[in-house]
Amino acid sequence: MTRTTLVTGGTGTLGRPVVDGLRAAGHTVRVASRRGSPMSELPYQWSRVDYRDGAGLAAALDGVDTVVHCANSMRHTSETDRQVVDAAVRARVGHFVHISIVGVDRIPYSYYRAKLATERRLENSGLPYTILRATQFHDLVRTVLAKATALPLAPLPAGWRFQPVEVREVAERLVALADGRPVGRAPDFGGPQVRTLPDLAARYRESLGRTPRPVLPVPVPGGMAAAMRRGENLTPAHADGRVTFEEHLARL
């Protein structure tokens, strides 16, 4: 029997390859989006929702077997996640797959606290669930470096390292998890290499055919910065990604 899967945030950076992967795996895919349906015909179902007040979620979840929750809002994470999880509970969804971030339980940052609260909400919801924590996407690291290296002297937080991962590889893992049984907390998923910020910045500039900028190491204060210097955002034991930062840049 064909499985109907709802992808929240299905038009986003992660959501798009998740939708493509689920369709290729034989799922009937429904995309939940804040926007109205495009005029053109789509190869999947479309549901308009308001994540902040939950409008449209009940209809979007009608007949759904699995939810892959990719919707993301830096400003309204708590409201968005709470509405989606609570609506899934009411709809008695059979499997809720949630993307989270490596280090949410170790890095004192408001956005991470909100993501950790969502994990706890899922654990206590009674829903069969799977949580995947991933490291930062190549796209995010590249965007940050583009801004920092636009200046003659690149200001970068001192001692921070990253383990960037290709978003399509994370999408592949989410599709595989959605295809299987709920496992609770899945193994973390990280990029293939742990890299320093100056190294990544230099590789980014070189990919543009430009000379690397001199780096100004900025000693950032506070608990979050200290956690980043300790590498709490890293998962070297789960360096399962294959695409390096250089390979990501070369594909752009």
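Treat the numbers as computed from the prediction; the structure is a model and nothing was measured.
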* Go through the steps to decide whether Arg161 and Glu232 satisfy the test salt bridge (charged side-chain N to carboxylate O under 4.0 Å, His left out), and finish with yes or no. => CA-CA 10 Å; Arg161 293 167 293 154; Glu232 303 291 5; over 6 Å; no

* Asked: Should Val18 and Val84 be regarded as members of a common hydrophobic cluster, given that ILVMFWY residues are connected when their side-chain heavy atoms come within less than 4.5 Å of each other, either directly or indirectly?
  ->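 Val18 does not cluster with Val84.
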
* Asked: If Ile, Leu, Val, Met, Phe, Trp and Tyr residues are connected whenever their side-chain heavy atoms lie under 4.5 Å apart, and connections chain through other members, are Leu140 and Leu249 in the same group?
  ->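 Result: no, two separate clusters.
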
* **Thr118: partners by side chain to side chain donor-acceptor pair (under 3.5 Å), with sequence neighbours left out** =>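 With neighbours one apart ignored, the set is Asp81.
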
* Sequence neighbours left out, what passes side chain to side chain donor-acceptor pair (under 3.5 Å) with His98? Give chain and number order. =>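 Applying side chain to side chain donor-acceptor pair (under 3.5 Å) to His98 gives none.
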
Enter the distance from [X]:[atom1] to [Y]:[atom2] here, rounded to the nearest 0.5 Å.
X: Asp50; Y: Thr80; atom1: CG; atom2: OG1; value: 8.5 Å
X: Leu252; Y: Leu208; atom1: CG; atom2: CG; value: 9.5 Å
X: Lys115; Y: Ser110; atom1: NZ; atom2: OG; value: 12.5 Å
X: Leu197; Y: Leu156; atom1: CG; atom2: CG; value: 5.5 Å
X: Leu145; Y: Lys147; atom1: CG; atom2: NZ; value: 11.5 Å
X: Asp188; Y: Ile101; atom1: CG; atom2: CD1; value: 11.5 Å

* To do: Might you work through the side-chain contact (heavy atoms from CB on, under 4.5 Å) test for Asn233 and Gln163, ending with a clear yes or no?
  => CA-CA 8 Å; Asn233 60 316; Gln163 190 178 348; over 6 Å; no

* To do: Would you check if there is a donor-acceptor pair between the side chains of Thr66 and His95 at a distance under 3.5 Å?
  =>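 No, no side-chain donor-acceptor contact under 3.5 Å.
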
* Are side-chain N/O atoms of Asp65 and His27 paired as donor and acceptor at under 3.5 Å? ->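 Judged by distance alone, the side chains do not pair up.
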
* Checking salt bridge (charged side-chain N to carboxylate O under 4.0 Å, His left out) for the pair Arg82/Glu79: CA distance, chi angles, key distance, verdict? -> CA-CA 5 Å; Arg82 177 174 55 80; Glu79 299 97 314; over 6 Å; no

* Listed by chain and number, what are the side-chain contact (heavy atoms from CB on, under 4.5 Å) partners of Ala134, not counting sequence neighbours? ->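 For Ala134 the side-chain contact (heavy atoms from CB on, under 4.5 Å) partners, ignoring immediate neighbours, are Ile99, Val170.
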
Electrostatic pair [X]-[Y], nearest N-O below 4.0 angstrom:
X: Asp199; Y: Arg203; result: yes
X: Glu123; Y: Arg185; result: no
X: Arg251; Y: Glu246; result: no

* Check the pair Val243 / Glu169 against side-chain contact (heavy atoms from CB on, under 4.5 Å), numbers first and verdict last. => CA-CA 8 Å; Val243 178; Glu169 293 183 319; 3.6 Å; yes

* Asked: What residue pairs, at least two apart or across chains, pass ring pair (Phe, Tyr, Trp, His ring centres under 6.0 Å) with a residue in residues 112-156?
  ->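 Found Tyr109-Tyr112, His138-Phe245, His138-His248.
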
* Please, which pairs that meet ring pair (Phe, Tyr, Trp, His ring centres under 6.0 Å) have at least one residue in residues 160-180, sequence neighbours excluded? ->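 Listed by first then second residue: nothing to list.
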
* Is a side-chain N or O of Ser100 found less than 3.5 angstrom from the main chain of Leu132, in a donor-acceptor match? ->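 A pair under 3.5 Å: no.
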
* To do: Could I get the full list of ring pair (Phe, Tyr, Trp, His ring centres under 6.0 Å) partners for Phe96, not counting sequence neighbours?
  =>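 For Phe96, the residues satisfying ring pair (Phe, Tyr, Trp, His ring centres under 6.0 Å) (neighbours in sequence not counted) are His69.
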
* Might you confirm whether atom CZ of Arg213 has over 12 heavy atoms from other residues, nucleotides or ligands at distances under 6.0 Å? =>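 Yes, because the 6.0 Å sphere around CZ of Arg213 holds more than 12 heavy atoms from other groups.
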
* Asked: So does Arg52 have more than 12 non-hydrogen atoms from other groups sitting under 6.0 Å from CZ?
  ->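 No, the 6.0 Å shell around CZ holds no more than 12 heavy atoms from other groups.
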
* Step by step, would you call Thr5 with Val67 a side-chain contact (heavy atoms from CB on, under 4.5 Å)? -> CA-CA 6 Å; Thr5 300; Val67 171; over 6 Å; no

* Tell me, with the steps shown, if Tyr51 and Asn72 meet side chain to side chain donor-acceptor pair (under 3.5 Å). => CA-CA 10 Å; Tyr51 295 115; Asn72 185 50; over 6 Å; no

* Evaluate the side-chain proximity of Arg133 to Asp105: yes if any heavy-atom separation is below 4.5 Å, no if none is. =>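 Yes, close enough: below the 4.5 Å cut-off.
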
